[in-house]
Amino acid sequence: MATDKQVSLFDPSIMRRAVGDSFGKLHPRLLAKNPVMFVVGVGSVLTTALLIRDLVARSPEHAPLWFTSAVTVWLWFTVLFANFAEAVAEGRGKAQAASLRKMRQESTARRLIGGREESVPASQLRKGDEVVVEAGQLIPGDGEVIEGIASVDESAITGESAPVIRESGGDRSSVTGGTKVLSDRIVVRIGADPGQSFLDRMIALVEGASRQKTPNEIALHILLVGLTLVFLFACVTLVPLALYSEIKLSATVIVALLVCLIPTTIGGLLSAIGIAGMDRLLRKNVIAMSGRAVEAAGDVDVLLLDKTGTITLGNRMATELIPVEGVTLEELADSAQLASLADETPEGRSIVVLVKERHKLRGRNLHDLGAQFIPFSAHTRMSGCDLGARQIRKGAVEAVIAHVERHGGQVPVQIRRDADTIAAAGATPLAVSDGARILGIIELKDVVKSGIQERFARFRAMGIRTVMITGDNPRTAQAIAKEAGVDDFLAEATPEAKMRLIKDEQQKGKLVAMTGDGTNDAPALAQADVGVAMNSGTQAAKEAGNMVDLDSNPTKLLEVVEVGKQLLMTRGSLTTFSIANDVAKYFAILPAMFMGAFPDIAPLNVMHLASPFSAILSAVIFNALIIILLIPLALRGVKYRPLGAAHLLRRSLLVYGVGGVVAPFVGIKLIDLCLVAVGAV
Amino acid sequence: MKSSILVALRMTVVTLVLTGLVYPLVTTGLAQALFRERANGSLITDGKGHVVGSELIGQAFAAPYYFWSRPSSAGEKGYDATASSGSNLGTTSKKLRDRVAADSARLHKENPGAMGAVPNDLLAASGSGLDPHISPEAARWQIPRVARARGVAGERVALLVDAAVEPRELGILGDARVNVLLLNVALDRQFGAQR
Amino acid sequence: MTANGWLQILVFFALVVAVTAPLGAYMFRVFEGRHQPLPRLLGPVERALYRLGGVDRTREQTWVEYTVALLVFSAAGVLVTYVLQRLQHVLPLNPQQLGAVEPTLAFNTAVSFGTNTNWQSYAGESTMSYLTQMAALAWHNFTSAAAGMGVALAVARGLTRRPGPDGAKTLGNFWVDLTRAIVYVLLPLSLVFALVLVSQGVLQNFAAYREVTTLEGAKQLLAMGPVASQEAIKELGTNGGGFFNANSAHPFENPTPFTNLIEMLLIFAIPAGLTFTYGRMARDQKQGWAIFAAMSALFFAGVAACYWAEAHGHNMEGKEQRFGIAASALFATVTTDASCGAVNAMHDSFTPLGGLVPLVNIALGEVIFGGVGAGLYGVLIFVVLTVFIAGLMVGRTPEYLGKKIEQREMKLAMLYILIFPLIILGLSAWASVVPYGVSSLNNGGPHGLSEILYAYTSGTGNNGSAFGGINANTRFWNTTLAVAMLFGRFFMMIPVLAIAGSMLNKKTVPPGPGTFPTNGVLFTALLLGVIVIVGALTFFPALSLGPVVEHFVAHGGKVY
């Protein structure tokens with residue numbers, strides 16, 4: 001399962017690579033992608049130049065050598081730390097993705113060309129190639145079954161050990177590279193060129209190369225660049241303004257002030273946050289096709305949820321036995337069991353289970369009883385068994401009534417009434433008969449997954465509306481909707497109706513998320529703002545959606561939304577923290593800058609920092625260290641709680657706003673004390 | 001574009017006529033009809049009917065038998081009603097500190113009988129340089145000098161000062177104050193002009 | 001500080017609160033209603049203006065058309081004002097026979113009034129003829145204020161209008177907004193309050209300056225003129241350009257504590273009322289009150305600090321006795337909160353911290369009620385920023401009034417935010433190191449730097465008040481300040497209107513429990529935080545070299 005693939009937050013091998021990458025990312029072209037860190041980089045170069053000047057020609061007018069060196073070193077650290085954060089995030093994402101695609105690179109494929117088979121490495125398969133896979137072999141690439149049927153072990157991808165059936169045509173034709181065929185033989189048409197599979201695309205997204213900034217990331221970047229420019233003005237103009245008071249500010253000090261003020265914390269962590277968001281999705285076995293989709297997930301207003309598999313367990317289950325008058329419950333239970341013993345459908349099995357649990361009737365073997373199993377047919381709409389002369393049947397109420405009447409039996413009026421009551425409650429009634437006698441009714445119910453109601457309540461608190469999509473009739477749908485606690489439902493849903501619903505919601509300005517797996521879901525998946533395709537679904541569905549869930553678990557949509565929200569919250573919180581930090585930095589640096597000319601301003605040095613130089617250096621060091629300290633937060637994301645917006649905001653403000661103001665006062669003071677303690681200042 | 005420029009030009013003329021000419025002219029007409037005396041400067045006359053100034057505009061007084069106004073930065077010599085201005089000197093201004101020190105010394109010298117320190121406002125130039133008022137304390141502080149110069153008892157002058165004190169408007173607004181010109185006119189009326 | 005001082009402040013604020021809703025509702029009817037109020041009385045005037053101006057009032061404009069109309073009209077206004085000043089010696093209503101105004105001064109003044117700044121490099125009584133005061137300056141008091149209201153309305157429409165199926169494209173008609181602002185709001189109120197002012201002693205005549213013989217026998221020449229008509233609109237339109245050099249400290253402009261109260265109230269009336277109008281446009285009155293509350297909190301913080309500093313220093317230098325310290329500190333706070341710039345005391349002579357308050361008020365972006373219109377659209381930019389930062393923290397991409405805030409809006413908002421420090425700090429830095437800058441200063445030491453900072457902050461913020469000791473009537477100062485005022489007005493208006501244009505077409509998502517509420521206490525607090533932090537972070541370094549250092553130096557007893 002997803003949790004099995006956890007990579008520890010600071011995996012040593014990832015760390016090692018990341019350290020190397022941090023230096024690689026110093027390349028100006030790469031650095032320029034992040035304007036905030038680029039400014040720090042330029043500042044570092046500048047102070048380095050000053051340091052070299054001072055080394056060559058000392059002048060008493062200049063700041064002490066140790067100070068310039070220390071500031072220079074820590075400015076470089078600031079850039080490196082930011083690079084490191086990004087590299088770690090990338091490394092983790094890559095490790096995650098690599099573990100998924102490892103096996104398939106080594107496999108060979110049996111490509112069909114004009115009916116002939118030839119052996120080629122899996123990595124050379126192109127879109128449209130057809131390959132043969134037989135029992136025991138790995139499927140060499142993502143694609144679609146075009147011939148045959150096979151059971152496939154997809155545990156490598158999903159962690160689910162039970163094999164699944166994949167067959168040509170229909171909605172179960174899609175196969176994933178790296179999974180293993182357990183039985184039979186299939187022909188697969190490869191769906192993507194090398195490097196273009198979903199996994200490849202995901203890997204590219206977490207690596208730097210093809211990663212594009214998401215809309216909100218760009219907007220946030222604009223804010224950060226704007227703030228950087230504001231501080232650039234403020235710092236550069238400070239030189240002449242100070243000159244008015246005959247204070248000569250050294251470039252080192254100005255660069256230090258600038259770097260401390262510009263939002264390096266969020267600037268340095270922003271791309272790591274984005275990558276980590278995708279990575280978190282991947283850990284949940286969801287592949288996002290773009291960062292934009294992850295972001296949109298946080299914004300979703302409406303969730304369209306398929307009833308089956310998402311809200312209910314997926315199969316109707318027997319929940320109640322209702323005998324007609326004159327029949328004991330035991331008699332009904334006995335017959336119901338006999339009628340279902342050989343029935344391998346989930347409904348049939350659930351009847352056996354119910355009878356066993358409620359009435360302590362152990363399962364019997366039909367062979368031992370000498371009974372003959374009568375399978376379900378669309379024609380009779382019944383199944384059961386013949387036990388000697390006894391004809392035991394269960395099936396649709398009308399079919400059983402007809403069967404009984406044919407045998408000259410009496411139909412009690414109660415039976416129809418009970419059946420209607422059950423249907424009205426959203427369940428399905430099955431009648432049971434023994435020969436010409438109707439014994440009673442089995443209630444089959446869609447069982448709502450446990451805990452789903454609380455989950456929907458949480459979504460409601462977040463302001464997300466849930467809509468259940470079902471093919472059931474409105475009456476049934478309404479009953480289930482009520483039990484599950486969804487806000488709305490779409491009954492007797494056709495693909496067209498689904499599409500219309502999405503468009504209507506979008507017209508109102510809302511963002512819609514949905515899951516789907518069938519080919520006829522594809523247009524709706526494409527239309528939805530967040531379309532999560534099941535990995536077990538058709539190729540068309542996967543192409544249309546912007547996420548693929550490898551576990552094919554429709555409930556995952558809820559987690560996807562949470563990851564999206566967490567991503568946005570992490571950005572907002574760290575931005576707030578970063579800006580709030582500046583207050584303390586001002587109180588550290590500005591008095592230090594002007595104390596020489598105006599000793600009277602000593603009271604402004606509220607932190608009582610040891611000396612002007614140690615004050616500035618402490619602020620610079622704090623500014624660099626905070627990036628490292630916040631990397632785990634950036635990678636993990638801030639803790640998400642399903643609360644209303646106002647509540648969330650109050651919390652975040654307290655932690656990141658007020659905390660952001662207070663933390664640097666403490667941090668800078670501590671660093672200053674350390675510097676004094678080690679005798680550096 | 002062309003039409004919008006035309007509209008802009010036409011609206012410029014129309015609004016200018018309405019708000020720049022019609023409005024002030026109408027206001028003037030109404031003001032002259034309703035509040036003629038106020039609209040024309042709140043001028044006051046002495047006992048002989050000569051206009052001696054505006055009730056609202058402070059004057060410089062140097063003679064010992066008159067109450068003195070606050071320092072003024074309006075014009076070269078102060079109280080130039082065509083050159084309203086404050087000193088615009090700040091707390092750390094040496095000029096201001098020197099001026100206050102000099103004024104304080106001078107006032108003490110010229111008010112030998114005055115009690116206590118020089119009231120604040122007598123050492124501070126007003127914002128307009130035309131402040132017609134001083135604080136009641138500043139007026140009382142000057143009573144001994146004025147009484148001696150006029151050869152009358154301090155109590156009699158004090159009675160005039162008390163009558164001249166204008167309280168806060170509605171009991172709340174502004175500060176209590178004494179109109180120097182009105183007080184001096186009242187002095188002259190009561191005790192005769194000195195000139 | 002005295003209890004009575006605080007009572008004055010509270011009485012004033014109570015009056016502001018009292019007028020906010022009725023005036024706001026009235027303005028909503030004027031600008032957004034189907035039927036304007038007082039149809040018999042003012043309807044004909046409105047229609048006459050349309051007819052004479054060639055305005056088609058049924059045709060709404062896109063944001064670009066709206067902006068072009070505003071810019072062309074403003075340019076024409078600046079030009080006319082320049083020409084009137086240059087030709088005043090040959091035009092009527094010039095009893096003192098004042099000469100033509102010097103070119104850079106005329107340019108500075110034309111820009112100053114065209115931008116609603118009303119910075120005064122000149123002394124009114126010795127420079128401007130009555131015609132110039134009325135037709136060039138008071139006229140601009142009306143039009144620049146009305147234009148500001150128009151921009152605010154356009155922005156409010158951009159944020160609050162819900163697009164139809166094809167999307168809304170227009171946000172009102174500049175000429176209609178301008179005309180209605182003048183005819184229904186500015187003109188009637190000005191007329192009434194001008195007469196109230198006259199009844200208290202404010203001049204209103206066309207007489208030549210009156211010479212009187214003082215009690216001591218000296219000659220005193222009393223300046224005259226149509227003061228009250230200009231005074232009323234100067235406050236009401238948050239213009240602030242005084243008839244006289246001493247502005248509202250002059251007894252002929254502001255003769256009594258009562259007129260002082262009236263003038264302060266006129267300054268805050270429209271900006272406060274517009275928050276209510278805005279709430280009504282947003283169909284949620286609380287949206288307006290949330291903004292009002294943030295403004296009020298900043299107002300109280302400012303007035304408390306200023307009053308404390310001045311009272312603590314017993315500082316009467318530059319203050320009028322009739323107002324006293326409390327009403328002077330209050331006026332200074334009000335006039336700089338609101339981009340008015342009228343003064344009833346000389347800010348230059350305030351204590352360092354007392355003077356810091358007006359400076360900070362302006363530097364925060366003139367959003368504490370702010371200029372007529374300018375305050376509302378300025379604060380809405382901060383609202384957008386606040387929503388952006390805070391919105392992320394609730395796990396959604398930010399939205400305001402159901403409309404998403406995206407790249408384009410952020411870009412424009414940052415442009416708006418950037419102009420301010422760029423102009424203020426850039427020009428201040430220049431002026432502080434060149435002889436032609438520093439030679440105009442009236443004070444030495446850090447206070448001199450404060451004068452420079454105040455001048456450019458006031459100019460860029462379109463406030464117009466000054467640390468008045470600075471002699472800004474030089475070519476350098478007149479020109480650079482004019483540039484500051486132009487950028488501060490139009491380079492900030494254009495992004496604002498562009499934001500309005502881009503927000504206009506966005507779909508509106510109805511608010512739910514997951515949307516960040518912008519109408520509560522929490523939002524007010526956040527908005528406050530963002531305004532203060534953005535302003536403080538931007539200007540703290542520069543300010544620390546001026547008033548802050550001066551405060552500590554003054555404590556040390558040092559003089560310059």
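No side-chain donor-acceptor contact under 3.5 Å links C:N443 to the backbone of B:S93. Looking at C:E320, its side chain does come within 3.5 Å of a backbone N or O of B:G127 through a donor-acceptor pair. Of the possible donor and acceptor atoms, one in the side chain of B:Y23 sits under 3.5 Å from a partner among the backbone N and O of C:S229. A donor-acceptor distance shorter than 3.5 angstrom exists from the side chain of C:N205 to the backbone of B:A39, with no hydrogens or angles considered. B:R10 places a side-chain N or O within donor-acceptor distance of the main-chain N or O of C:R51, the cut-off being under 3.5 Å. Using a distance-only test at 3.5 Å, with no hydrogens or angles considered, a donor-acceptor pair links the side chain of C:Q220 to the main chain of B:Y79.
Here C:P257 is the residue among C:P226, C:A246, C:P257 with the most heavy-atom pairs under 4.5 Å with chain B. Between chain C and the residues B:L9, B:I134, B:L34, the most heavy-atom pairs under 4.5 angstrom are made by B:I134. Taking chain C as the reference chain and counting heavy-atom pairs below 4.5 Å, the highest number among B:R70, B:R36, B:H133, B:Q32 is found for B:R70. Between chain C and the options B:V14, B:L89, B:V51, B:L43, the largest number of non-hydrogen pairs under 4.5 Å is found for B:L89. Among B:G174, B:A8, B:A124, B:S54, the residue with the largest count of heavy-atom pairs under 4.5 Å with chain C is B:G174. Contacts with chain C were tallied for B:K95, B:R97, B:M11, B:E37; B:M11 has the most, counting heavy-atom pairs under 4.5 Å. Among the candidates B:G86, B:A60, B:G90, B:S85, the residue making the largest number of heavy-atom pairs closer than 4.5 Å to chain C is B:G90. By number of non-hydrogen pairs under 4.5 angstrom with chain B, the leading residue of C:P352, C:A223, C:A135 is C:A135. No other option in C:A466, C:G124, C:A554, C:S190 has as many heavy-atom pairs under 4.5 Å with chain B as C:S190.
Between B:G41 and C:M224, the shortest heavy-atom contact is CA-CE, 4.4 Å. Between B:S128 and C:A249, the closest heavy-atom pair is CB-O, 3.3 Å. Here the closest heavy-atom approach between residue C:A76 and residue B:T12 is recorded as CB-OG1, 3.6 Å. Between C:V198 and B:R38, the shortest heavy-atom contact is O-CB, 3.1 Å.
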C:V68 and B:S4: CA distance, side-chain angles, deciding distance, side chain to side chain contact (heavy atoms under 4.5 Å, CB included) verdict: CA-CA 8 Å; C:V68 168; B:S4 80; 4.1 Å; yes
Derivation of the side chain to side chain contact (heavy atoms under 4.5 Å, CB included) call for B:I57 and C:V212: CA-CA 11 Å; B:I57 300 296; C:V212 295; over 6 Å; no
Chi angles and distances behind the side chain to side chain contact (heavy atoms under 4.5 Å, CB included) call for B:V7, C:W175: CA-CA 9 Å; B:V7 172; C:W175 304 114; 3.4 Å; yes
Verdict with reasoning, B:L181 to C:L215, per side chain to side chain contact (heavy atoms under 4.5 Å, CB included): CA-CA 8 Å; B:L181 178 57; C:L215 274 190; 3.9 Å; yes
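The distance from the CZ atom of C:F323 to the CZ atom of B:R177 is 8.5 Å, given to the nearest 0.5 Å. Rounding to the nearest 0.5 Å gives a distance of 3.5 Å between CG of C:N4 and CZ of B:R168. Atom CG of B:D131 sits about 12.5 Å away from atom NZ of C:K319, to the nearest 0.5 Å. Here the OG1-CG distance, from B:T91 to C:L353, works out to 9.0 Å after rounding to the nearest 0.5 Å. One finds the CH2 atom of C:W139 at 5.0 Å from the CG atom of B:L16 (value rounded to the nearest 0.5 Å). The CD atom of C:Q8 sits 10.0 Å away from atom CD of B:E169, with the distance rounded to the nearest 0.5 Å.
The one candidate from B:P71, B:S87, B:S126 that meets the side-chain contact (heavy atoms from CB on, under 4.5 Å) condition with C:E317 is B:S87. Each of B:V178, B:D121, B:V180, B:N179 was evaluated against C:Q321; a single residue qualifies, B:D121, per the side-chain contact (heavy atoms from CB on, under 4.5 Å) test.
The side-chain heavy atoms of B:L173 and C:N260, taken from C-beta on, include no pair separated by under 4.5 Å. Counting heavy atoms from C-beta outward, B:L21 and C:M134 have side chains that approach closer than 4.5 Å. Put simply, the side chain of B:L130 reaches to within 4.5 Å of the side chain of C:H250, judged on heavy atoms. Here the side chains of C:L49 and B:L18 are in contact, with some heavy-atom distance below 4.5 Å. Contact check for C:T214 versus B:V52: no side-chain heavy atoms found under the 4.5 Å cut-off.
A donor atom on one side chain and an acceptor atom on the other are not found under 3.5 Å apart for C:Q204 and B:T27. Between the side chains of C:E125 and B:S84, at least one donor-acceptor pair of N or O atoms lies under 3.5 Å.
Neither the backbone nor the side chain of B:V17 comes within contact range of chain C, judged by heavy atoms closer than 4.5 Å. Neither the backbone nor the side chain of B:A138 comes within less than 4.5 Å of any heavy atom in chain C. Neither the backbone nor the side chain of B:A74 comes within contact range of chain C; no heavy atom of the residue lies under 4.5 Å from a heavy atom of that chain.
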